[in-house]
Each structure stands twice: as structure tokens, then as C-alpha cells.
Number of protein chains: 2
Amino acid sequence: MLERPTDRRIIRTKRLIRDALTELMEEKGFEVITVRDLTEKADINRGTFYLHYRDKFDLLDQCEDEIINEIQKLTHKIDPKDALKFDGQKEPFPFIVYLFEYLHENSSFMKVVLGPKGDASFQVKLKELIRRTFFQNILSKLKQEEMLVPVDFLIAYVSSAHLGVIQHWLESGMEKSPREMALILSRITLLGPRHVTGLTSKEL
Amino acid sequence: MLERPTDRRIIRTKRLIRDALTELMEEKGFEVITVRDLTEKADINRGTFYLHYRDKFDLLDQCEDEIINEIQKLTHKIDPKDALKFDGQKEPFPFIVYLFEYLHENSSFMKVVLGPKGDASFQVKLKELIRRTFFQNILSKLKQEEMLVPVDFLIAYVSSAHLGVIQHWLESGMEKSPREMALILSRITLLGPRHVTGLTSKEL
DNA sequence: CCATTTAATGAACAAGTTGTTGATTATTAT
DNA sequence: ATAATAATCAACAACTTGTTCATTAAATGG
């Protein structure tokens, strides 16, 4: 995609700006950040910022797109037969494990961008990626006429639920491992929210 | 809570400003809206804005808080025994029906504030309200030790799923009725995402 | 209907941010 | 070591912000 910026100054400057962005988003939220804030925090000249980004929105976009691209790459590791064999009780869906591992490695930025002071449009982008992955690996095998609910709402339900659990995990300190989290998600999704409460059909 | 603004001029001005906010959020997103934009669109003097709101963030906050309060009132209509009797196949959870009805009545603002150009913090507020309502009416009756997954992740899963379906419904033109939507949600939640696909336990 | 109260207007203000430019300095690559 | 280029610094006009004050317009309620 992008020609590589070999020059170490560029890499350094971009890193400083992006680190400043993460810190400032956590401190005060993206909306009230100024380019001046960013360059002061990064300790670079304000003009330098404009050598790399058009404005603060361009900065956020580039950060987000990079993340989406890297997560997209994780989907290439999926083995098609995984979708079929797993029962969700012992083995989670592998992509979800990779996803949590990636989130953990980039937790400081992911936490703010998916948090209350974050960016609604990034949530949509990530949800859409989850949606596509689910569809390609699982839902495409289903027959529309056998569904008890419209498929688009089911997809919205499951992908939003996954994103929501991710957000809660990030907010609450990421105490459980990626594998544990993926297992929790596959259990709820496959057994159903009510079933995992321990209730039988009669009780509710 | 608030002393009533009897003066019709105040009501008119606030309505003009809020309508302008909705339109501008849809056009360009909240972040790039200026007070000047708002007052030009509302066709009022810029100084007048500051007689009612501290800045554009205060405006958004007041709009959001008003909505949250009104939805909060809907929860008072819940009959405690509803939570127990319903099986989710024929009768949806009544609060969810009320919620969709309210969203439909205020769809223009709800659509933008919950959409890609919306406000992440409002999503958190609404999700938290859904979470509390679920907890008070259903989950408080469950025994923690019988749960197959940690209860906080289950709550995050279900409330995020509900919000996500709401967002998809708003985005896709609100074609289904509030009752149909509530039924879709109770079906997926009670039967489980996999079960509503029509798959039996053997097939997946 | 009229007098009083109060909201809205319009103009002006300093302070701060933005995005750009051009000249200069510092660093990197080879 | 040299050429290329990234970063710095200062300055710029244009714009937004939040506030003030005098003036005009509208609503209230008696």
C-alpha cells in the first residue's frame, strides 16, 4: 500500500505523534484535541505535524486504517475447516483468539478508540470486519428459509455482542486471557445467552 | 428536574438549535460542527446560542441526557411479573417494545447519535441503561455459581447485542415494527444465536 | 390592552487555532 | 564527505470562540 518511510526521522516523528494522540484521547477525548496539543505533547514543531498529516482527522483515520488492515490480515490465518469442527465448549473460534491477542498487544490505543471517548466510526469499521468474517466462515453455509429471524439482524446481534464484550474486556483491565475470552464468546453464541445462565427452558 | 421554560421564545429557539444539530450531525458529523454552523442553520444570532448552552458539547449533553431520562421513564412501566412469564417466542419483553417505539418517534436524532458519525459516549449511556434494566428484571434472579460464563461478560454480550440490533434497525430504515423487533431480540436471546439459524446441535 | 419583564439581535472585542510559507538548521543515507 | 531531506522557527491571514453592551422585539400577566 504505502511506500515504506525508510528515514528514521519520519518513523520517530510519526510514533511520537501517535503516542501523543493516544495519551490525549485518554485525557480529554479526541474532539477537544488540537494540533497544538499533539505537537506540544510529542515535543515537535507544529509545522512538522503538517508534513505528515492533513489535520487531526487524517491522523486518526490513518491510525484506524492501519489497525483494520492488520486485523484483516489475521483473518487469512483462518483454516476453513475450523468453522465446522468446533463445538465451542472446549475450542474457541481461532480468529477470535487472534483478535484478542492483537487487541492486547495494542491495548492502549484500542482501549481509548473503542472507549466512551473514542470514535463511533471505528466501532462501525471493526464491527463490519467481524461481521464479514462471521459471514464468510459460518453464516454463508446457512439456508435463509430455515432461519427463525432475519439474517441481517442475527448478524448485527452477534457481531455487536462480540464488539461489546471486547470493549468490556478492555475497560475492565484485560484480566482474562485471549483464549478464555474467545471461549466465553463461543459458549454464549453457541449455547445461547439464556442457556449459559444455568436456567433450563422451564424456569424462564 | 428543570424549571419549566414557560417563555415560548425559549422553546422555539432551543428547538431550532436542536433541529440544526440533528441536520448538521447527519451532514458532517458532530466533531466538525461549529457554533456558527448551528446558528446559521437555525437562523438565529450567534450570541443567542450562548444564552442557552455553554458550547456545542453542552448542547449535545443536554439532548442526550433528556433522551436517557425519557427512556429511563419507560422502565417504570415494566410489570415485574412480565420477566417471569414470557417465553420469548410469542411475547417479547415489553420494555424492548416501548424502547423501539420511543426510538421510532425520535428517529432522526437517534439515528445520527447512534450512527457512525454519532457519539460513542451516548452509546455507552444507552447500553448502560439497557444493562441495568436487564439486570433488575432478569439477571438478579440468577445464581452466580450456576453460570457457565462470568456474569459481567454475559451482560455486556446481551446489552451490546441489543444496542447493535437497534443501530442496524435505525440504519436500515426501520421497516419492521417495534413489536417485531422486540420479538426478534427475545428469540435470539432466549433460543440462542445458533439455534435460530435452524441448525441443530449436531450440525455445527 | 398596556406596562413590565425578558428574550433575541447586532456589533465589537481579545484570545486562540488553523494551515501555509520561506528561510534555516539538523539529521540521515549512500 | 556530500547530497538529500526532514525538522525547526517565525510569521501570516483567516477563522472560531466566548463575552460584553446597547438596542430591538416579543411574551407575560394583570
Visitor: Let's see if you get this right: which residues in residues 25-47 of chain A place a heavy atom under 4.0 Å from DNA chain C?
Guide: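 Within residues 25-47 of chain A, the residues near DNA chain C are A:T34, A:V35, A:R36, A:R46.
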Visitor: Taking CG from A:L16 and C1' from D:dA7, how many angstroms apart are they, rounded to a whole number?
Guide: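 Between C1' of D:dA7 and CG of A:L16: 12 Å.
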Visitor: Within this structure, what is the CG-to-P distance between B:L51 and C:dT6, rounded to whole angstrom?
Guide: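 From B:L51 CG to C:dT6 P: 14 Å.
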Visitor: So does A:K73 have more than 12 non-hydrogen atoms from other groups sitting under 6.0 Å from NZ?
Guide: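 It does not: A:K73 NZ has 12 such atoms or fewer within range.
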Visitor: Separation of B:F49 atom CZ from D:dG18 atom P, in whole Å?
Guide: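 Taking atom P of D:dG18 as the reference, CZ of B:F49 is at 8 Å.
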Visitor: Does B:H195 have any ring pair (Phe, Tyr, Trp, His ring centres under 6.0 Å) partners at least two apart in sequence or in another chain, and if so, which?
Guide: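 If we apply the ring pair (Phe, Tyr, Trp, His ring centres under 6.0 Å) test to B:H195, skipping adjacent residues, there are no hits.
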Visitor: Whole angstroms only, please: what is the CD1-C1' distance between A:I11 and C:dT28?
Guide: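 That distance rounds to 11 Å.
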Visitor: Out of A:F57, A:F49, A:Y50, which residue meets the ring-ring contact (aromatic ring centres under 6.0 Å, His included) rule with A:Y53?
Guide: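 With A:Y53 as partner, A:F57, A:F49, A:Y50 yield a single ring-ring contact (aromatic ring centres under 6.0 Å, His included), made by A:F49.
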Visitor: So does A:E26 have more than 12 non-hydrogen atoms from other groups sitting under 6.0 Å from CD?
Guide: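 Result for CD/A:E26: open.
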Visitor: If you define the side chain from C-beta out and look only at heavy atoms, does anything of A:L170 sit under 4.5 Å from A:M174?
Guide: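 The answer is yes; the side chains approach within 4.5 Å.
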Visitor: Using the ring pair (Phe, Tyr, Trp, His ring centres under 6.0 Å) criterion, which residues pair with A:F135? Sequence neighbours excluded.
Guide: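 A:F135: no ring pair (Phe, Tyr, Trp, His ring centres under 6.0 Å) contacts found.
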Visitor: Any side-chain N or O of A:H52 less than 4.0 Å from the OP1 or OP2 oxygen of D:dA6?
Guide: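 It does not, given that no N or O in the side chain of A:H52 lies less than 4.0 Å from OP1 or OP2 of D:dA6.
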Visitor: What is the distance, to the nearest angstrom, from the CG atom on A:D7 to the C1' atom on C:dT27?
Guide: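 In whole Å, C:dT27 C1' lies 8 Å from A:D7 CG.
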Visitor: Please give, in whole Å, the distance from C:dA7 C1' to B:I17 CD1?
Guide: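 In whole Å, C:dA7 C1' and B:I17 CD1 are 12 Å from each other.
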Visitor: Would you say C:dT20 has OP1 or OP2 under 4.0 Å from some side-chain N or O of A:Y50?
Guide: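 For A:Y50, the contact criterion (side-chain N or O under 4.0 Å from OP1 or OP2 of C:dT20) is not met.
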Visitor: Any idea which of C:dA7, C:dT28, D:dA27 is nearest the A:R9 side chain?
Guide: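 Nearest nucleotide to the side chain: C:dT28.
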Visitor: Measure from CZ on B:R12 to P on D:dA25 and round the result to the nearest Å.
Guide: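 Atom CZ in B:R12 sits about 15 Å away from atom P in D:dA25.
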Visitor: Can a donor-acceptor pair be found, under 3.5 Å and without considering hydrogens, that links the side chain of B:K117 to the backbone of A:A120?
Guide: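 Side chain of B:K117 to backbone of A:A120, a donor-acceptor pair under 3.5 Å: no, none is there.
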Visitor: Where the side chain of B:D55 is defined as all heavy atoms beyond and including C-beta, which of D:dA25, D:dG18, D:dA6 is the nearest nucleotide?
Guide: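 Nucleotide nearest to B:D55's side chain: D:dG18.
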Visitor: Could you check which of D:dT8, D:dA6, C:dA8 has an atom nearest any side-chain atom of B:T48?
Guide: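 When the side chain of B:T48 is considered, C:dA8 is the closest of D:dT8, D:dA6, C:dA8.
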Visitor: Measure CZ/B:R8 against C1'/D:dA26 and give the value in whole Å, please.
Guide: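 B:R8 atom CZ is separated from D:dA26 atom C1' by 9 Å.
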Visitor: For D:dT17, take OP1 and OP2 only and decide whether either is under 4.0 Å from a side-chain N or O of B:R54.
Guide: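 Answer no for this pair, as no side-chain N or O of B:R54 is under 4.0 Å from OP1 or OP2.
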